[in-house]
Amino acid sequence: MALEYSQESRKALDSMRAEYPELRSILIPALKLAMKDHGSLTKESIELAADEAGVSGAVAAGVATFYHNLHTGTIGKHLIMICTTISCQLAGATDVVSRFEELLGITIGETTDDGLISLLAVECLACCGNSPAVQVDYDYFESFQPEQCEAVVESLRAGRHPEGGAGVPGGDPDREAEVGA
Amino acid sequence: MSGTRKTLKAHMGEGIAPVVRLPESDETVTFTIDGWEVTAPKGSTILQAALSEGIEIPHFCYHPGLSAAGNCRMCLVQVDGRPKLEPSCIIPAADGMEIVSSAENVTEARKAVMEFLLLNHPLDCPWCDKAGECMLQDNTFEYSSGKTRHRMVKRTYPLKDFSDRLMMFGDRCIKCTRCIRFLREIEGGEEFALYNRGADVDVGTYLEHNLSNNYQGCLADVCPVGSLISKQFLYHSRVFFLEASLGICTGCSAGCNLYVDRYENRVARVRPRPNLDVNDWWMCDIGRYEWDTLLDNRILSPRLKAGEAVDGEKALGTAVEALKTAGDGLAGIVSATATCEEAFLFDSMIRGMGGVTAPWYGPQGRIDPTDKNDFLHRKDPNPNTLGVESILENASTFDDILTRIESGSVTTLFILGADLTDEIAGKLGGVAQIVTITSSESPASVAASLVLPGTIPFEKSGTFVNGDGRLQRFDQALQLPDDALTEIGILSHLITECGTGEPCEDTAEAFAALAGTVTAFKGLSFSTIPTGGTLLQIRGDA
Amino acid sequence: MSADVYRGVENREPILMTPEAVEGLVTLEEYRSKGAGYTALEKALKTMTPEEVHEEVKTSNLRGRGGAGFPAGVKWGFAPKDTGKPTYLVCNGDEGEPGTFKDRWLLRQTPHRLVEGVLITSYAIGCNQAFIYLRQEFDREAVRIRSAIEEARESNLLGKDILGSGWDCEITVFMGAGAYICGEETALLNSIEGKRGMPRVRPPFPAIVGLYGCPTIINNVETLSNIPAIINNGGAWYASYGTEKSTGTRLFSVSGRIANPGVYEVEMGVTWSALLDDLCGGPSREKPFKALYPGGSSTPILKASEIDDVIMTHEAAFELGTFLGSGATIVLDEDDDIVDVVLNLATFYKHESCGQCTPCREGCRWMVEILQRIADGLGTMDDLDLLIDVADHICGNTICAFGDGAAGPVATAVKKFRSEFEARVAVSTARGSE
Amino acid sequence: MAVEIPKPKHGFRREMSFMERLYLPAIFKGMRVTIQHFFGHRWTIEYPDVIPVAAPRFRGLHVLKRDEEGRERCTACLLCMYVCPANAIHIEPALATPENQDDYTEEKYAKVFEINMLRCIFCGMCEEACPCGSIYLTRDWETSDNDIDHFIYGKDRLMESEGSPLLFKE
């Protein structure tokens, strides 16, 4: 059965079209929305995005496999992304990684069996000053210590966004909910 | 500058420069490569200019028919003493530029690129179909250090099956993206793409879609290594066994230029021969893979009726007899698949005996109405429509002859190459003598009272006029048995026996006779027709 | 942002990291009341022609803050005006260079300043649609930029007929999807066009054939954030900061073994020790500095002894065989193992190589293999020379600067700290002979 | 200075002596050599009762080798076919399927491998050309047969049987 975008995503895509001189530009947003609606990028969801952006499935798949935040493998509902690049590694990112691995029972790059949490090692998050840096669902947790891991995992399992993230101080809380595309 | 110029001999043979399309410009630029002065139209890149002059600069990702990608980094040269080496496929040539392509830093960089490319390339030349015409092999031989310092495990990819025409040995791929650019820029579809990134980059359709385009054979051609392989030729032979002869595709009126590669008097494969006026560097899959339909239901010996064999001498005698006794009832049908020389001899034979000739363009049903003219393939399935039309200038039409047949005024019908339909063949009952010269069984041969075996295009030489009015010559690829005659041999024999003309020993003589009679061919001779063909002053259907 | 961000312009007013900015100039109201918000845009639109704006930036000699340090005013001049095609401005906010986090600070603290800088630049180069490209990880920063754009639109600072000048300009925020290479300007353009973020070959340069085949100017977030101040105070005022060739101030992102890591605004021409010892409080572990990456991980490494009295300018860095890059300083001290550091970075580059050019695609993988072998104690002395050789063969032979960035630091690290690499190899040799 | 070149004396024939004209001494001289061989080493053997042993580097019938894991070494590269001066080798290559891939070292293998022993001149050039160490000429030389068709050796007769000891090392 052919996949469809959710109404919300369709609205976002429709408004996006006017912003770019060429339709093809909405391919990456379309892939992200397909991922948001249907989990990881399967062949069907890649084709859905390809049709949206007017490119062939092969090209869309080429784009999907190029960017590492477009996940073609299995991916959990929540992402824990740990920066393992140099500054964070110097500050002890390895300990954070092993603590998370221990807590979740999975290794880097894997997803928990319930499909809730994926543990990813990522490249520099531009947070080297307060390293090690961890992003949980794209919210920055700076100077992250292994002791904090447990709280993060617990709140994700409880369905809450973990506390202690940088968020956007002073930002509009309603707008913050929209992030993702 | 003394010494000999280094020419691109690896692929093209000594002294033959590869076909490069230079930009059209009235202005020219003059610059030097290793001290050799090169002049090229303004806008040419260094590599284009060098190749068109026969100067070798090694390259992989550059293909003269595609945009330059600049990603293989093999064509790096020193330009005007700039600090970094520049890719010659990208940098436009400018007046007074001084290019160095043989200095130590350049050869060093080439060795490095070769070493990088070979890090993960399997050592499977012995069983790779590309071996012998592989750019990686040639450039390794010429430009690599011959050693590797890589000690780790090579990266591997699974075999990929794209369609019944094409497969991919991913290990051999050097990620030059020629195939992707071919599909994007020439074919128009984007069925191929790069996947992943960094060292894991892969090429393919990814979504497990099969390729469906009509130009898959070209993908195997553009692949500089043995990664994309044409299944038809897979393990068929080795390229160094093959001998090439110049051919013309008979699949449609485009008249794509071919190399017919043969091995021990068998056609191993056909591949496009670059001709910038006709087919550029390409040909379609119908022409490339479906030529073997010519061999279907082959007629190999003369016969009277179906199954009633007759020896050659006697068959020719019967045909002469038929011609001589025909009188007013003589008519001829010549197919638009016949060569110009055959059509001319046939026409002069029929007219000499007082008959009329009509062209046959094949039944309408053979042309698929959904078939579009794509960038190469034409709707007209006959390779020589314009040629036959211009030779039979004062001839009758097929419908006219059919009317005469139905009215019973035709007693003897000669058919050259035409297959006719069952419906038309059914109307031939009233014709006393039907002589068909054809290479394969068809309604026309079934209805015939005498069948003389013809040849397929690989077995003869001749000329075709393509849909643009371009006269092109092709050579005989396969040897015929000693006692076999080509159509020209048969027609020449009949003409001589009937006393209506001079005998023609070979195609060249037939062409000379043609050139002496038909206006459009005036002043031409068979041996001087350029390999790229020559435009005739006749109307084109383009 | 946490409090460990210091401004450090000696005796002068900082340009970007004013106390108000450190506190946060997030909303339009804050920016207007505390940060001279949009006065520069008004000044430019109402009193200056685009050429005058361009001239002012040329006078300031503002150099690109993305890494290459190319003068912004000169870059703007490359865009042909009479092609009949639109001109685009792209703001490069794909801050991915390991060690760099200044742009993120600017996006968070002063989103309106960037919007204003983008608008003034668009005015100067005759662009009616600007793009701000942000990496996907800057998700919350994108919220700020987007709300800044909305606020600006509501106040007629953006959109149709801006401030009654008859000039239109739109800003589109484009989010990347996770690829370091998209910080390279042509890869970034490909990414906006919905393609794989692979750098394009040059020529043609993006200033002539860029986004959608049109003339395109690409500037870094920090570069564009400096524009409002230049227009308000004049290019000569800006040029009075710093040295003659490296004018103005720079944001340095300092991380690693340092007591107070963070973003620092420093006047160009200050010595390294002034930044590292005086402002950042010296080493964090009471161990002397061993080495530092002066401009992000893709700049060749410097030994601590090399930077004693050296000032921080593009020229001085070039003389040392390295670059100021994106101003990201990663400091290592005596206890850090250089082999592990180089292996970590090489792995990063292997992962981020786009896979287009042969030397980079194959070479980055090979370098990691060799380094891994050395780190695992299986290396030989030949491997060290091989490593330098491979790195040298990547350098300068690729389409974009990624190859140089990936290979240069490896080669210099092996050359400068050969003894440490040899010590690792010696372990394996000793083990082999047991 | 002119150099005098000695001229050969053509047509010189010495008059034979009486003893020479008798011929007997020469006959006995020759017979002595012949008779000496009656008592020396015997060079002929009583084949087929006695089977001679060929020299170590004798080039006899071909064998197609397997590798250490019992896979066919031949990758059907056709180089032996190319190099064969007598046109004695015929190979039909094929692409291995996932099912039979384990039998072959590479994805290409020889579906048909035939050597016409009547054409073969045992020059050993196939052995030299082989890049995979597959084809070797053994010291086996007994080819005689009653049926001419049997001289075309197929893979069944050329291929080393599985598990047989490696006769040669590369």
Side-chain angles (χ1 to χ4, degrees), chain A residues 16 19-32 53 55 59-60 62-70 81 83-91 122-131 133 135 137-140 142-143 165-172 175-176 178-181, chain C residues 1-2 4-5 24 26-27 86 95-101 103-104 108 129 135-144 146-147 170 172 174-180 191-198 212 253-257 261-263 293 297 328 330 332 336 341 344-345 348 351-352 354:
Chain A
M16 227 177 274
E19 290 184 47
Y20 301 100
E22 281 180 20
L23 180 63
R24 200 183 156 138
S25 283
I26 68 166
L27 178 59
I28 291 173
L31 284 165
K32 283 186 196 165
V55 298
V59 170
V63 171
T65 50
F66 186 84
Y67 297 96
H68 61 67
N69 287 343
L70 300 174
M81 307 197 288
C83 172
T84 52
T85 314
I86 186 67
S87 294
C88 290
Q89 200 203 28
L90 290 175
V122 295
E123 311 302 354
C124 188
L125 290 171
C127 190
C128 320
N130 300 334
S131 47
Q135 267 198 327
D137 292 342
Y138 294 107
D139 189 7
Y140 276 91
E142 298 173 0
S143 303
V168 184
D172 186 348
R175 297 188 56 82
E176 274 190 60
E178 285 178 21
V179 299
Chain C
M1 198 81 187
S2 48
D4 58 358
V5 179
V26 178
T27 60
E95 184 175 48
E97 178 76 19
T100 318
F101 45 103
D103 291 347
R104 184 170 157 244
R108 285 205 154 187
Q129 184 167 19
R135 59 184 293 193
Q136 195 183 4
E137 288 83 352
F138 285 177
D139 196 285
R140 317 270 151 157
E141 285 73 12
V143 173
R144 290 217 162 158
R146 283 194 172 126
S147 73
E170 278 297 330
T172 303
F174 189 95
M175 298 298 288
Y180 165 78
S191 185
I192 295 182
E193 288 181 16
K195 296 174 184 161
R196 291 162 63 82
M198 301 203 293
Y212 307 114
S253 325
V254 187
S255 65
R257 305 296 184 197
V263 185
Y293 286 97
S297 65
I330 307 170
L332 306 174
D336 290 319
V341 170
N344 181 290
L345 289 178
F348 168 80
H351 184 252
E352 296 296 339
C354 82

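Below, chain A is the first sequence line, B the second, and so on; all start at residue 1.
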Q: Answer yes or no: is there a donor N or O on one side and an acceptor on the other, between the side chain of N130(A) and the main chain of G262(C), under 3.5 Å?
A: no
Q. Are the side chain of T85(A) and the backbone N or O of P98(C) linked by a donor-acceptor pair below 3.5 Å?
A. no
What residue in [options] has the most heavy-atom pairs under 4.5 Å with chain A?
options                           : result
E352(C), E137(C), E193(C)         : E137(C)
G96(C), G176(C), A142(C)          : G176(C)
S297(C), P86(C), S191(C), C354(C) : S191(C)

Q) Is there a side-chain contact (heavy atoms from CB on, under 4.5 Å) between C128(A) and I330(C) once you walk through the steps? A) CA-CA 9 Å; C128(A) 320; I330(C) 307 170; over 6 Å; no
Q: For A91(A), check side-chain contact (heavy atoms from CB on, under 4.5 Å) against everything at least two apart and list the hits.
A: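 Once residues adjacent in sequence are excluded, the partners of A91(A) under the side-chain contact (heavy atoms from CB on, under 4.5 Å) criterion are S131(A), P132(A).
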Q: With sequence neighbours left out, write down each residue that passes side-chain contact (heavy atoms from CB on, under 4.5 Å) with D336(C), or none if nothing qualifies.
A: L90(A), R257(C), R285(C), L332(C), D333(C)
Q. Run the side-chain contact (heavy atoms from CB on, under 4.5 Å) check on Y140(A) and E141(C) step by step: do they pass?
A. CA-CA 11 Å; Y140(A) 276 91; E141(C) 285 73 12; 4.3 Å; yes
Sub-4.5 Å side-chain heavy-atom contact between [X] and [Y]:
X       : Y       : answer
F174(C) : P29(A)  : yes
E19(A)  : E170(C) : no
Q129(C) : Y20(A)  : no

(Q) Which heavy atom of G129(A) sits nearest to which heavy atom of P261(C), and what is that distance? (A) O-CG, 3.1 Å
Q. So, for H68(A) and A179(C), which heavy atoms are closest and what is the spacing to 0.1 Å?
A. NE2-N, 4.3 Å
Please classify the contact between [X] and chain A as side chain, backbone, both or neither, with a heavy-atom cut-off of under 4.5 Å.
X       : value
Y212(C) : both
T172(C) : both
V341(C) : both

Q) For residues D139(C) and Q135(A), is any side-chain donor paired with an opposing acceptor at under 3.5 Å? A)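 Q135(A) and D139(C) do not have a side-chain donor-acceptor pair below 3.5 Å.
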Q) Cation-pi between R196(C) and Y67(A): NZ/CZ under 6.0 Å from ring centre and within 45° of the ring axis? A) no
Q: Would you please test F348(C) and E123(A) for side-chain contact (heavy atoms from CB on, under 4.5 Å) and show each step?
A: CA-CA 7 Å; F348(C) 168 80; E123(A) 311 302 354; 3.0 Å; yes
Q: Measure the spacing between NZ of K32(A) and CE of M175(C) and express it to the nearest 0.5 Å.
A: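 So the NZ of K32(A) and the CE of M175(C) are separated by 5.5 Å.
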Q) For chain C, which of V63(A), L27(A), N69(A) has the most heavy-atom pairs under 4.5 Å? A) N69(A)
Q: Before giving the answer on side-chain contact (heavy atoms from CB on, under 4.5 Å), spell out for E97(C) and C124(A) the whole-Å C-alpha distance, their side-chain angles and the decisive distance to 0.1 Å.
A: CA-CA 7 Å; E97(C) 178 76 19; C124(A) 188; over 6 Å; no
Q: Using a strict 4.0 Å threshold on nitrogen-to-oxygen distance, state whether E22(A) and K195(C) make a salt bridge.
A: no
Q | chain C contact via T84(A) - which portion, at a heavy-atom distance below 4.5 Å | A | backbone
